[in-house]
There are 2 protein chains.
Amino acid sequence: MTDDMLSAQFAALADPTRRAILARLSQGEASVNDLAAPFAVSLPAISRHLKVLENAGLICRSRTAQRRPACLDPHALRGIADWIEQYRPFWEAGFDRLDGYLEQLQAGDGDGPRH
Amino acid sequence: MTDDMLSAQFAALADPTRRAILARLSQGEASVNDLAAPFAVSLPAISRHLKVLENAGLICRSRTAQRRPACLDPHALRGIADWIEQYRPFWEAGFDRLDGYLEQLQAGDGDGPRH
DNA sequence: TCCTTATTTAACAAGATGATTAAATAAGGA
DNA sequence: TCCTTATTTAATCATCTTGTTAAATAAGGA
């Protein structure tokens with residue numbers, strides 16, 4: 001998972017319409033028309049949202065006749081989940097226990113907290 | 001966790017400089033000057049990144065003399081972790097087992113997958 | 001008070017984003 | 001071939017984001 005990919009995925013997830021699209025796709029594949037139905041936006045807008053999600057590796061597309069259904073990429077959110085996981089001690093520990101955790105931390109250089 | 005808050009947090013995390021700032025803060029609080037040091041950007045730019053992170057509820061600020069150190073909000077990533085968690089079955093199940101999972105899914109309306 | 005340090009605000013330019021409508025393309029069917 | 005359905009591309013626009021530099025503000029110390 002490159003830093004750019006992580007940025008692309010977080011950016012893709014920052015839009016509520018795109019999150020709703022993912023929620024819909026979690027129930028099974030759907031065409032652009034299907035996905036557009038619940039929203040007050042045009043077809044081209046949905047088409048572009050799908051492109052953003054696809055570029056972020058969150059969905060994949062297929063082809064059935066004129067339709068180009070989208071489906072969740074099963075491995076989609078793995079990278080983000082792993083990134084978030086680095087910070088789990090910070091929300092699992094209370095403030096008090098966090099102090100102890102920080103004292104145990106060794107300095108180091110990298111992209112995330114050291115454990 | 002409102003939908004707007006989730007959007008703000010994902011948007012905040014979409015920037016690599018801001019993720020690096022969080023990584024630095026995971027080792028303890030730091031001032032704007034401290035945080036700016038590793039980057040080739042101006043102080044005002046860092047100051048604004050901190051505002052974005054603060055508005056997203058990911059960090060908090062304090063005051064010591066002229067300094068306004070930032071520190072991780074311990075509960076920061078909880079909401080995002082919970083959101084991601086909804087999709088865990090999709091990356092934990094293989095493609096095959098996912099088919100079975102999807103067959104068991106009941107239709108419904110909401111913001112995330114039904115379990 | 002004047003000076004220094006730390007940080008923020010203001011004003012601005014460049015680029016990205018998200019939406020629209022109209023037109024183009026793709027695939028099938030009468 | 002002509003028509004219909006599904007989707008994408010093009011052109012355009014308004015808004016948001018990110019960065020800059022210069023100036024303002026905040027807090028302490030000589």
Side-chain angles (χ1 to χ4, degrees), chain A residues 2-25 28-73, chain B residues 2-25 28-73:
Chain A
T2 69
D3 213 46
D4 277 359
M5 202 61 180
L6 209 46
S7 293
Q9 296 198 340
F10 277 125
L13 295 174
D15 185 283
T17 300
R18 287 195 288 262
R19 288 198 304 278
I21 287 175
L22 288 186
R24 167 65 186 78
L25 292 179
E29 65 166 39
S31 70
V32 177
N33 263 290
D34 295 338
L35 292 167
F39 303 104
V41 293
S42 63
L43 273 301
I46 297 294
S47 183
R48 285 229 243 163
H49 280 306
L50 292 179
K51 179 139 293 191
V52 172
L53 290 167
E54 188 179 11
N55 289 338
L58 296 174
I59 66 169
C60 29
R61 316 279 315 256
S62 54
R63 162 77 77 180
T64 313
Q66 304 105 312
R67 306 212 181 111
R68 310 241 303 111
C71 62
L72 268 196
D73 184 325
Chain B
T2 68
D3 213 46
D4 277 359
M5 201 62 181
L6 210 47
S7 294
Q9 297 198 339
F10 277 125
L13 295 174
D15 185 284
T17 299
R18 286 194 291 261
R19 288 199 304 277
I21 287 175
L22 288 186
R24 166 67 187 76
L25 292 180
E29 65 166 39
S31 71
V32 177
N33 262 290
D34 295 338
L35 292 168
F39 302 105
V41 292
S42 61
L43 273 301
I46 298 294
S47 183
R48 285 228 246 164
H49 280 306
L50 291 179
K51 179 139 293 192
V52 172
L53 289 167
E54 189 180 11
N55 288 340
L58 296 174
I59 66 170
C60 30
R61 315 281 313 258
S62 54
R63 162 77 77 180
T64 312
Q66 303 103 315
R67 306 214 182 108
R68 309 239 306 109
C71 62
L72 268 195
D73 184 325

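Below, chain A is the first sequence line, B the second, and so on; all start at residue 1.
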For [X] and [N], give me the distance from atom [atom1] to atom [atom2], rounded to whole Å.
X: A/I46; N: C/dT17; atom1: CD1; atom2: P; value: 17 Å
X: A/L35; N: D/dT8; atom1: CG; atom2: C1'; value: 15 Å
X: B/N55; N: D/dT18; atom1: CG; atom2: P; value: 12 Å
X: B/L53; N: C/dT8; atom1: CG; atom2: P; value: 12 Å
X: B/D15; N: D/dC16; atom1: CG; atom2: C1'; value: 14 Å
X: A/L50; N: C/dA19; atom1: CG; atom2: P; value: 12 Å
X: B/L13; N: D/dT17; atom1: CG; atom2: P; value: 14 Å

Checklist entry - Which part of the nucleic acid does A/V52 contact within heavy-atom distance under 4.0 Å: base, sugar-phosphate only, or nothing? => result nothing
Next on the checklist: Just to be sure I understand the rule, does A/A40 reach a base, reach only the sugar-phosphate, or reach nothing, if contact means heavy atoms closer than 4.0 Å?
Outcome noted: sugar-phosphate
Item to check | Intra- and inter-strand pairs of DNA chain D in dot-bracket (Watson-Crick or G-U wobble, both distances under 3.5 Å; | for another strand) | outcome: ||||||||||||||||||||||||||||||
Item to check | Contact nearer the 5' end of DNA chain C, comparing A/P44 with A/A11 | outcome: A/A11
Item to check | Nearest to side-chain heavy atoms of A/R48, which nucleotide of D/dG19, C/dA27, C/dG18 | outcome: C/dG18
Checklist entry - A/H49 side chain N/O closer than 4.0 Å to the phosphate oxygens (OP1, OP2) of C/dA19? => result yes
Next on the checklist: With a sphere of 6.0 Å drawn around CZ of B/R18, does it hold more than 12 non-hydrogen atoms of other residues, nucleotides or ligands?
Outcome noted: yes
Checklist entry - What pair of heavy atoms forms the shortest contact from A/L35 to A/R24, and how long is it? => result CD2-CG, 3.5 Å
Item to check | Nearest heavy-atom neighbours spanning A/I46 and A/F39 | outcome: CD1-CD1, 4.1 Å
Just by modelled atom types, is the [Y] backbone N or O under 3.5 Å from a matching donor or acceptor in the [X] side chain?
X: B/T64; Y: B/R67; value: no
X: A/S7; Y: B/A14; value: yes
X: B/Q9; Y: B/A56; value: yes

Just the table, please: protein N/O against nucleotides 1-7 of chain C N/O, every pair under 3.5 Å.
| residue | atom | partner | partner atom | Å |
| --- | --- | --- | --- | --- |
| C/dT5 | O2 | B/Q66 | NE2 | 3.4 |
| C/dT7 | OP1 | B/V32 | N | 3.3 |
| C/dT7 | OP1 | B/R68 | N | 3.3 |
| C/dT7 | OP2 | B/N33 | N | 2.9 |
| C/dT7 | OP2 | B/N33 | ND2 | 2.8 |

Next on the checklist: Can you tell me how far apart CG (A/L58) and SG (A/C71) are? Round to the nearest 0.5 Å.
Outcome noted: 12.0 Å
Next on the checklist: As an exercise, state the distance from CD1 of B/I21 to CG of B/L50, rounded to the nearest 0.5 Å.
Outcome noted: 5.0 Å
Checklist entry - For B/D34, what residues pass the side-chain contact (heavy atoms from CB on, under 4.5 Å) criterion, not counting sequence neighbours? => result B/A30, B/S31
